[in-house]
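Below is one structure, written out as C-alpha cells; comments come after it.
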Amino acid sequence: MHILGISCFYHDSAACLIQDGTIRAAAQEERFTRKKHDPRFPKNAVAYCLREGGIEAQDLDYVVFYDKPFMTFERLLLSYLTVAPKGVRSWIEAMPLWLGQKLNIPKVIQMETGYEGEVLYTEHHEAHAASAFYPSPFDEAAILTIDGVGEWATASYGFGKGKEMTLLKELHFPDSLGLLYSAFTYFTGFRVNSGEYKLMGLAPYGVPRYKDLILSELIDMKRDGSIRLNLSYFNFLGGLRMTNRRFARLFGGPRRKPETEITEREMDIASSIQAVTEEAVLRMVRHVHGETGQENLCLAGGVALNCVVNGRIVREGPFENLWIQPAAGDAGGAMGAALSVWHRYLGNDRVDPEGKDVQAGSYLGPSFSNEAIKTYLEGKGYPYHLLGADQRAEAIARQIADGKIVGYMAGRMEFGPRALGARSILGDPRKEETQTVMNLKIKYRESFRPFAPSVLEERASAYFDAEGPSPYMLLVANVREERRFPQPSGDGMPMLERLRVKRSNIPAVTHLDYSARLQTVNKRDKPDYHAVISQFEKLTGCAVIVNTSFNVRGEPIICTPEDAYRCFMRTEMDVLVLEDCMLFKEEQPAWKEKGDWRSELELD
Ligand SMILES: [Fe+2]
C-alpha cells in the first residue's frame, strides 16, 4: 500500500511517501528547486519519493493533501469581507492562485504527476497532529499543535491512543499565537515565515520591558493560554503588512527597516514577545495536561520550532515526556496527512513503538553513493582524497580540531528545517572565533546568531543540563555551571562587544544566557556522524562540535554533491567531505561564476 502525502501552496512545500505504514521518504521542495520555502507544487519532492519507493505515480493507492482548500477559501473570503474595501489589494493578489491551483488540487496533482486516482484531504491541524503523534515513541499521548494560520484553526489539542486520534478543541483565526509572533518578526525587520528564528535568537540580548504592554494592549491571554488579539493594532485582515501605525506608536516608532542596525529596542521587543509566547504555550500545555490526563505530550505546528519554549516545557511542564515532530512546520503536514490516511482512514494499527520514534532520525531524503560522488568529482576535475573506513572519522575530526571549517555531507538528507549531521557545516566549539568566522565568512549573516552544538548522546550530561536526548535540535538546555565563565553586566554594552566575552569553555555554542540549542547524536540513527564526534573527543577531550546547516544565508540547505561543492567554493570553508571523499580548498581549481550570486538569494 503506497500513500503519498503532499503539502503545498502556502510555504515550504513537501512530499512524503508511506509504504505499508512505514515512512519511506520525505523531502521539501526547496531542496531541489533551490528556492527557499518554495510554496509551489512539490514536483521534484514527489518524483524523489516515488524513486526512493521504487514505484511510479500509477502505483500509488492514495494521494492526500494536507489542507481542505475550500475551508481556507471560506476563511479568506469572510475575513476580506469583514474589512472590505480595505483588503482589496491583497485579495486581488491572492485570487489567481486560489481560483487556479488551490481549488483544483486533484487536477493539479494529475497534471504534475500523472496520478489519476482518488485525492483525499485532511484538515490542516489534523495533519499537524498526526505528524506529531503517529511517528512518536508513545502509544498514548496528548497532542498540541500551534501554528500561524491554516484553515480556521490556529491551534488545536487532543489525544492519541494506538491508531486513534481525537482532537478536542481548536482556537480560531485570527486569534493566533503564531501570527502574533510573526507580526513581531515583521515589525523588527525580519522576514515573516522564516525570520521567527532570528527573533528568538535575539531575545536573550534584551530585557522584556514591553511584556506588560503586550499583555495589556495587544492581547488578552486566558488561563488556558488561548489569546484574543486586539485587531486594532494589526493588519492581517486588510493588507499585506502585518502591523499598523497604531502598533508602531505603541513601540515608540516605525518598524525597523530590514538590514539596518539592530538596536536595543528590537532586542527588548524580541525578549518581550518571546516571554509572552513562553507564557502562553506553558499555559496551553498545563491546560492540555489537565484536560487529557496524559503523561506524554506530542507537539507540532510552526510554534513547536521555538526550542526555547520547548526547553521550558521539558523543565517546567507537567508532562513526563515530550516528542516534537522535527518537520513541525507545514512541510511535516505532508507526512501527517499520509499517516492519517493509513491509520485513521484505512484503520491500520500502529506498530508498537517500544519507546523509540519511527522518524528514523528524520534522515528521510536523498543520498548519494561514493560511486556517484567520485564520478561527479572526476568528471569535473575536482581533486579529492578517498578516506578508508578505518581513517575516515579521525581524518575529519583532525581537521576540525585544527580549527578548519568543514562542510559535511553524508547519508540521507534531513527532513525538516534543521541540519542534523547529514548536510552540516562543522567547527570547533572550544574556539571563541568560530562563531564570528562561521557567521561572517561562511554563512554571510548577522554575527549575533548563535550556533548549535552536536554532542554524543551518552556524553550530553557532562556538558549540558539536559533531561533526556534531543536528537532533532528542538530543545534548549543550559551549559553546565562548572563550564561557565562569569559575565560583565550587559547594560549599555554594544551587542558585538557582548558577543566577544567568552561565556564558557565551549564558547562558540554557548548563548548569552548560557543556553544552547542542543542536538544529541546517537549511534543507531547516525553512525558516521557519531564516529566523527567520538574521534574529536579522542583528539581533544571535547565531545561537542559546532553544527550549522550547510548553506549560506537565504539559500536552502544543500541537497546534492553539486550544491555542496558550489557552497564550498563560494564561502571560506576549508574542507569539504562528500561521503568518503575529502576535498581541500587550496587544491581546487579557481571558482568562476557569472554575476554576483548573492544577489540571487532572498534575504531571510
Ligand atoms: Fe501549519
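Quick caveat: nothing in here was measured; it's all calculated off a predicted structure. Start at 1 and go down the list; that is how both ligands and their atoms are numbered. By convention here, the first residue in the shown sequence is residue 1.
With sequence neighbours left out, Asp139 forms a salt bridge (Lys or Arg N to Asp or Glu O under 4.0 Å) with no residue at all.
For the pair Arg256 and Phe190, the cation-pi criterion (under 6.0 Å, within 45° of the ring axis) is fulfilled. Seen from the ring of Phe133, Arg350 counts as a face-on cation partner, given the 6.0 Å and 45° thresholds.
The Fe ion (ligand 1) is closest to atom OD2 of Asp147 (considering only N, O or S atoms). The nearest N/O/S atom of His128 to the Fe ion (ligand 1) is NE2. Within Asp330, the N, O or S atom lying nearest to the Fe ion (ligand 1) carries the name OD1.
Residue contacts to the Fe ion (ligand 1): His124 brings an N, O or S atom closer than 2.8 Å.
Look at Arg223 and Glu279 and you find no salt bridge, because none of the NZ, NE, NH1 or NH2 atoms lies under 4.0 Å from a carboxylate O.
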